[in-house]
Amino acid sequence: MIEIKNISKSYKNRLILDDISLSFHEEDIVVIVGRNGAGKSTLLSILAGFVKADKGTASINKKEVGFIPQADSLFEDLTVKDNINFWANISNTKNSHDLIKLFGIDEYLKKKVRELSGGMKKRVAICTALLHDPKIIIMDEPFSGLDMFYKNELLQMIAKLKEMGKCIIYTSHNTDEIFALESKHYVISNKKIYPIESKEELYEKYILA
């Protein structure tokens, strides 16, 4: 069980998150939705260990987290292979062959990242985040900038990660991406977090309210 208890965070005296608590299992897909600026990215950064909460705790081992930011942390002028080798060295990983095959990027290894499509860049970014075999995958707005084809492809990859026994946490503000998979859903609204069960509940309570 992963538990987040009573997390609060302010920036320059402006409260962003107020007493956030939630829990989920290590094999869950967790989707966090909210308007731009609601605090989704701040919460993910706290969970990943990049930002310290003002108060509260999160029972997540930071060494078991793979983080994919909204802006891919890839070197555009390096080849795919050089990017993978760089992050493999950072994570002290020697064998990336299985992941390269799993995500179908073996034929792109000699291409520079800037030559790839948005969907292929996302594949490479996820591959690099998995090099140290983390149990928890955190993705900030992973569907941003992708067309419908690559969004569907990414949903399939997320489902595959769950089959591998990973816990996946991602943020979105698009209902088509929120309810596409069997997952737990939460909305951040007015600095608080609430569970939601359906698209109808999301609209009635938080979007159209």
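All figures in this text were calculated on a predicted structure; none of them were measured in a lab. In what follows, residues are counted from 1 in the order of the sequence shown.
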Sorted by chain and number, sequence neighbours left out, side chain to side chain donor-acceptor pair (under 3.5 Å) with Thr57 holds for none
Is Lys110 paired with Glu115 through a side-chain N to carboxylate O contact shorter than 4.0 Å?
-> no
Non-hydrogen atoms of Leu202 and Val187 that approach each other most closely = CD1-CG2, 4.0 Å
With Lys162, which residues qualify under salt bridge (Lys or Arg N to Asp or Glu O under 4.0 Å), at least two apart?
-> none
side-chain contact (heavy atoms from CB on, under 4.5 Å) assessment of Leu181 paired with Val31 = CA-CA 10 Å; Leu181 298 170; Val31 187; over 6 Å; no
Pair up each side-chain donor or acceptor in residues 2-11 with any protein partner under 3.5 Å, not counting sequence neighbours, and list the distances.
residue	atom	partner	partner atom	Å
Asn6	ND2	Asp19	OD1	2.9
Ser8	OG	Asp19	N	2.8
Lys9	NZ	Lys52	O	3.0

When you look at NZ of Lys135, are more than 12 heavy atoms from neighbouring residues, nucleotides or ligands closer to it than 6.0 Å?
-> no
Mind listing the closest non-hydrogen atom pair of Phe67 and Ala48 along with its distance?
-> CD1-CB, 3.8 Å
Does atom CZ of Phe103 have more than 12 heavy-atom neighbours from other groups under 6.0 Å away?
-> yes
For Asp98, the salt bridge (Lys or Arg N to Asp or Glu O under 4.0 Å) test, sequence neighbours excluded, returns none
SB check Lys55 Asp18 (cutoff 4.0 Å) | no
Cluster link Ile68 to Leu44, ILVMFWY, side chain under 4.5 Å | no
Show me the side-chain donor-acceptor pairs of residues 139-149 shorter than 3.5 Å, one per line, residues at least two apart or across chains.
residue	atom	partner	partner atom	Å
Asp140	OD1	Ser41	OG	3.2
Asp140	OD1	Thr171	OG1	3.0
Asp140	OD2	Ser41	OG	2.7
Glu141	OE2	His173	ND1	3.3
Ser144	OG	Gln70	NE2	3.4
Asp147	OD1	Phe149	N	3.1
Asp147	OD1	Tyr150	N	3.0

With Leu74 as partner, the option from Leu116, Thr128, Ile84 fulfilling side chain to side chain contact (heavy atoms under 4.5 Å, CB included) is Thr128
Backbone of Glu64 reached by a side-chain donor or acceptor of His132 within 3.5 Å | no
Could you walk me through whether Ile126 and Ile137 pass side-chain contact (heavy atoms from CB on, under 4.5 Å), step by step?
-> CA-CA 9 Å; Ile126 294 174; Ile137 314 299; 5.5 Å; no
Heavy atoms only: give me the nearest Tyr170-Ile178 pair and the separation to one decimal.
-> OH-O, 4.4 Å
Verify the cluster assignment for Leu15 and Leu17: are they in a single hydrophobic cluster under the rule of side-chain heavy atoms below 4.5 Å apart?
-> no
Are Met164 and Ile138 connected, step by step, through hydrophobic side chains (Ile, Leu, Val, Met, Phe, Trp, Tyr) whose heavy atoms are closer than 4.5 Å?
-> no
Under the salt bridge (Lys or Arg N to Asp or Glu O under 4.0 Å) test, which residues partner Glu201, sequence neighbours left out?
-> Lys205
So if you build clusters from Ile, Leu, Val, Met, Phe, Trp, Tyr with side-chain heavy-atom gaps below 4.5 Å, do Ile193 and Ile196 land together?
-> no
So which heavy atom on Pro134 is nearest to which on Val65, and how close?
-> CB-C, 3.6 Å
Parallel under 30°, tilted from 30 to 60°, perpendicular over 60°: which one fits the rings of Phe75 and Phe86?
-> perpendicular
Could you tell me whether a side-chain N or O of Trp87 sits under 3.5 Å from a main-chain N or O of Ser73, the two making a donor and an acceptor?
-> yes
Taking all non-hydrogen atoms of both residues, which atom of Lys40 and which atom of Arg35 are closest, and how far apart?
-> NZ-O, 3.2 Å
Can you name the nearest heavy-atom pair linking Ile169 to Phe24, along with the distance?
-> CD1-CZ, 3.6 Å
